[in-house]
Amino acid sequence: MKLLLSLIARLPLGLNHALGILVGRAVYALSPRYRRILVANVTHSGLVPRPSDVRRFAHRNTEENGKGLIELAWALVRSEEVPAKVRARHGWESVQALRARGRPIIFVTPHLGAFDVAGRYLWNELPILAMYRPHKKSWIDALLREGRNRGAAPDGTNVAPATLAGVRMVLRHLRGGGCTILLPDQVPTVGDGEWVDFFGRPAYTMTLPARLQKASGAAIVFCYAERLPRGEGFELHFAPFEAPLSADRREAARQINEMIERMIRECPLQYLWCYNRYKRPAGAPPPPARQAP
């Protein structure tokens with residue numbers, strides 16, 4: 001499998017993405033569950049108002065999902081080439097200004113665009129310590145760890161486990177002036193989330209960004225890497241959240257989702273609509289009942 005990953009990574013980015021399109025189409029055709037979740041999430045989002053356009057949007061979105069899956073090999077194996085493929089950095093000056101003042105930064109990066117590319121770029125530029133949940137399959141976990149550590153921290157010190165101990169590691173890193181990256185639209189475990197709306201439907205949303213900010217004084221910067229057509233590269237988008245997140249857990253989670261929605265509206269075709277964002281974690285309370293209009 002490692003050999004296959006290496007072979008895929010050697011493809012020029014345009015061919016890599018072309019292969020991804022084929023993979024995305026195959027998954028859409030062969031997996032009813034994948035297709036059902038993707039179409040349902042797009043439909044309920046309201047971003048594609050005409051039902052006749054939903055399937056067309058879903059087909060284009062699944063091609064982007066396939067690109068994201070296959071480009072992961074490129075981002076892991078050829079991480080040193082990532083900066084050269086970044087064609088623009090919209091809002092990067094705000095990041096530079098924060099760092100010039102010595103501010104630690106929590107980068108909030110949803111499953112939008114080339115999120116592994118965004119992470120690789122930030123690892124190349126800044127002292128990043130990110131939490132990492134080991135993959136269930138050991139051989140996949142080994143490949144991911146090796147790739148994500150390449151060019152950043154060969155000894156693995158750029159990742160912390162997705163546990164309470166890992167949260168403490170990240171907090172110490174932030175208090176020391178470092179930075180971290182969070183995927184805010186992952187469904188958290190019980191006790192680490194709140195039910196708040198995401199595109200008009202209750203989604204169990206993590207509260208970790210607000211807790212880390214409150215304990216460290218770090219700035220919050222939302223970001224994503226937009227994938228350009230024909231393998232031309234990527235454009236990075238950075239948007240600092242100017243005010244501190246609310247001290248109220250539920251309101252802070254609502255603020256997070258509001259910003260994620262805003263970014264998705266900028267680049268809707270590249271969001272991971274196939275992710276089951278609305279699932280209820282085992283042991284979590286049910287979502288609140290919807291009020292009648």
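The basis for the numbers below is simple: all heavy atoms, side chains too, and nothing from hydrogens, waters or symmetry mates. For clarity, every value in this text was computed on a predicted model and none was experimentally measured.
- The ring of F199 has its center closer than 6.0 angstrom to the ring center of W273.
- When all heavy atoms are compared, the tightest approach of P110 to C223 is CD-O, 3.6 Å.
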Residue pair E266, R262: steps toward the salt bridge (charged side-chain N to carboxylate O under 4.0 Å, His left out) verdict: CA-CA 7 Å; E266 294 175 0; R262 188 179 305 175; over 6 Å; no

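- With rounding to the nearest 0.5 Å, the separation of SG in C274 from CD1 in I37 is 8.0 Å.
- Side-chain contact check for D197 versus N257: every heavy-atom pair is 4.5 Å or farther apart.
- Remark: R201 qualifies as a cation-pi partner of Y278 under the 6.0 Å distance and 45° angle criteria applied to the six-membered ring.
- Annotation: side chain of F238 is in contact with side chain of F107 (closest heavy-atom distance under 4.5 Å).
- No continuous path of hydrophobic side-chain contacts links L208 to V187 [ILVMFWY only; heavy atoms under 4.5 Å].
- Sorted by first and then second residue, the pairs that involve residues 45-54 and meet salt bridge (charged side-chain N to carboxylate O under 4.0 Å, His left out), not counting sequence neighbours, are R50-D53, D53-R56.
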Intermediate values then yes/no, side-chain contact (heavy atoms from CB on, under 4.5 Å), L69 and V23: CA-CA 9 Å; L69 177 64; V23 170; 4.0 Å; yes

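- With contacts defined as side-chain heavy-atom distances shorter than 4.5 Å, the pair V170/L182 does not qualify.
- The side-chain hydrogen bond (donor to acceptor under 3.5 Å, both in side chains) with H17 is formed by just one residue from the set E71, E64, E63; it is E71.
- Residue pairs meeting the salt bridge (charged side-chain N to carboxylate O under 4.0 Å, His left out) criterion with at least one partner in residues 175-193, sequence neighbours excluded, are D192-R211.
- Put simply, the side chain of E235 reaches to within 4.5 Å of the side chain of L228, judged on heavy atoms.
- Both V108 and V167 belong to a single network of hydrophobic side chains, linked directly or stepwise wherever heavy atoms of I, L, V, M, F, W or Y lie under 4.5 Å apart.
- Atom-to-atom distance recorded for T205:OG1 and R254:CZ is 11.5 Å, nearest 0.5 angstrom.
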Chi angles and distances behind the side-chain contact (heavy atoms from CB on, under 4.5 Å) call for L245, I220: CA-CA 8 Å; L245 292 169; I220 298 279; 4.1 Å; yes

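- Between atom CG of residue L236 and atom CG of residue L122 there is a gap of 7.5 Å, rounded to the nearest 0.5 Å.
- Taking hydrophobic clusters as Ile, Leu, Val, Met, Phe, Trp and Tyr residues chained together by side-chain heavy-atom distances below 4.5 Å, L183 does not share a cluster with F234.
- Applying the salt bridge (charged side-chain N to carboxylate O under 4.0 Å, His left out) test to every pair with at least one member in residues 273-284, sequence neighbours left out, gives no pairs at all.
- In this structure, the side chain of W74 does not engage the main chain of S79 through any donor-acceptor pair within 3.5 Å.
- A donor-acceptor pair under 3.5 Å links the side-chain atoms of T43 to the main chain of V39, judged by distance alone.
- Using a 4.5 Å cut-off on side-chain heavy atoms (C-beta onward), L19 and L11 make contact.
- Scanning all heavy atoms of the two residues, the minimum distance from I181 to G119 falls at CD1-CA, 3.9 Å.
- Within the model, atoms CG of L76 and CD1 of I8 stand 11.5 Å from one another, a figure rounded to the nearest 0.5 Å.
- Expressed to the nearest 0.5 Å, how far NE2 of H237 lies from OH of Y224 amounts to 4.0 Å.
- P287 is not listed as a side-chain neighbour of Y204, based on a closest heavy-atom distance of 4.5 Å or more.
- Among all heavy-atom pairs drawn from P268 and N61, the shortest one is O-ND2, 4.3 Å.
- If you take CE on M259 and CD1 on I264, they are separated by 11.5 Å, rounding to the nearest 0.5 Å.
- The closest donor-acceptor contact from the side chain of R227 to the backbone of K67 lies at 3.5 Å or more, if one exists at all.
- E232 and R87 are not joined by a salt bridge, as no carboxylate oxygen comes within less than 4.0 angstrom of a charged side-chain nitrogen.
- The hydrophobic cluster containing M206 does not contain F115, counting ILVMFWY residues as joined when their side-chain heavy atoms lie under 4.5 angstrom apart, directly or transitively.
- In terms of modelled atom types and a separation under 3.5 Å, the side chain of T62 and the main chain of G24 share a donor-acceptor contact.
- Cluster annotation: L72 and I21 are assigned to distinct hydrophobic clusters (Ile/Leu/Val/Met/Phe/Trp/Tyr, side-chain heavy-atom contacts under 4.5 Å, transitive).
- Between I105 and L174, the shortest heavy-atom distance links the atoms O-CD2, 3.9 Å.
- F241 places none of its side-chain heavy atoms less than 4.5 Å from the side chain of I256.
- A salt bridge between K85 and E81 is absent, with no side-chain N of the basic residue lying under 4.0 Å from a carboxylate O of the acidic one.
- Counting heavy atoms from C-beta on, the side chains of L112 and C267 come closer than 4.5 Å.
- At distances below 3.5 Å, at least one donor-acceptor pair connects side-chain atoms of S216 with backbone N or O atoms of L212.
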Verdict with reasoning, R265 to L47, per side-chain contact (heavy atoms from CB on, under 4.5 Å): CA-CA 8 Å; R265 291 177 192 277; L47 294 181; 3.1 Å; yes

Residues Y271, S45; criterion side chain to side chain donor-acceptor pair (under 3.5 Å); working and verdict: CA-CA 12 Å; Y271 186 61; S45 75; over 6 Å; no

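- Side chain of Q270 to main chain of E226: no donor-acceptor pair is present (N/O by atom type, distance under 3.5 Å, no hydrogens or angles).
- Contact check on E194 versus R250 returns no salt bridge, with no Lys/Arg side-chain nitrogen under 4.0 Å from an Asp/Glu carboxylate oxygen.
- Using modelled atom types, no side-chain atom of R78 and backbone atom of A73 make a donor-acceptor pair closer than 3.5 Å.
- The minimum heavy-atom distance linking G283 with V190 is given by the pair C-CG2, 3.6 Å.
- A centroid separation of less than 6.0 Å is found between the aromatic rings of H59 and Y28.
- Nearest heavy-atom pair across L38 and A58 is CD2-CB, 3.4 Å.
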